[in-house]
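In what follows, a structure is listed as structure tokens, so that the remarks can point back to it.
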Amino acid sequence: MSCLSLTPLLVLVLVLGVSLGAASPHDTLRKGCSLSKYRNIDPDERRAVYEMRQKFMNHKCNTRLFHRKWNAVHLPMSDRVVLVVAELNLTTAMLELPAAPSFAEVRQRPLEFFSHAREDVRGCVDPSHQPSGRLRHWLHKLQVAMRTESPESTACLRATTIVHVLQVLDNLHCAALLDKC
């Protein structure tokens with residue numbers, strides 16, 4: 001499962017998808033943002049994500065990337081959107097990696113859902129937004145994790161991402177709820 005040639009591209013996508021520009025004067029979403037459709041995530045989509053996650057529950061590695069002392073609800077709205085875009089970029093990248101036929105089949109619906117969500121939410125990021133310190137620290141940890149040098153590290157990052165995929169789904173929902181999260 002060699003994805004070493006993908007690593008620089010994935011880091012570039014994360015950096016381009018999550019802007020680290022100047023401070024934003026207010027905490028609003030960009031015009032044309034398609035985030036609101038994720039206020040009510042279809043139960044069938046959630047079930048497909050849950051079933052995919054269950055296939056990976058036996059993996060013992062953990063990068064601790066998703067072990068944060070804060071969660072999306074504690075972030076300002078603009079940071080929530082940046083967090084969700086980064087998590088969706090990571091999740092989609094990990095699900096797109098080559099897989100055994102049995103997993104390739106079960107990941108298909110979640111991959112389509114997360115890919116759509118990534119495209120919808122990408123347009124919500126204000127390019128002038130400067131993430132808060134705690135989010136900036138996590139984004140740095142994410143970039144370090146994406147610079148994996150071995151197939152084992154990539155497999156561990158993938159497993160960790162899939163095990164925490166319901167958290168990504170919840171963060172997407174939280175960002176869509178805006179101030180009501």
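- Looking at residues two or more places apart in sequence or on another chain, you find a salt bridge (charged side-chain N to carboxylate O under 4.0 Å, His left out) between Glu119 and Arg122.
- Applying the ring pair (Phe, Tyr, Trp, His ring centres under 6.0 Å) test to every pair with at least one member in residues 77-97, sequence neighbours left out, gives no pairs at all.
- Residues passing the side-chain hydrogen bond (donor to acceptor under 3.5 Å, both in side chains) test with His116, sequence neighbours excluded: none.
- Sorted by first and then second residue, the ring pair (Phe, Tyr, Trp, His ring centres under 6.0 Å) pairs involving residues 84-109 (not counting sequence neighbours) are Phe56-Phe103.
- Here Arg68 pairs with Glu87 under the salt bridge (charged side-chain N to carboxylate O under 4.0 Å, His left out) rule; sequence neighbours left out.
- Residues forming a side-chain hydrogen bond (donor to acceptor under 3.5 Å, both in side chains) with Ser132 (at least two apart in sequence, or on another chain): Asp79.
- Scanning for salt bridge (charged side-chain N to carboxylate O under 4.0 Å, His left out) contacts around Arg39 gives an empty result, with sequence neighbours left out.
- Here Glu112 pairs with Gln108 under the side-chain hydrogen bond (donor to acceptor under 3.5 Å, both in side chains) rule; sequence neighbours left out.
- Checked against ring-ring contact (aromatic ring centres under 6.0 Å, His included), Phe113 has the following partners two or more places apart in sequence or in another chain: Tyr38.
- For the side-chain hydrogen bond (donor to acceptor under 3.5 Å, both in side chains) test, no residue two or more places apart in sequence or in another chain qualifies with Asn40.
- In this view, Tyr50 satisfies the ring-ring contact (aromatic ring centres under 6.0 Å, His included) rule with no residue, not counting sequence neighbours.
- Contacts of Asp44 classified as salt bridge (charged side-chain N to carboxylate O under 4.0 Å, His left out), with partners at least two apart in sequence or in another chain: Arg47.
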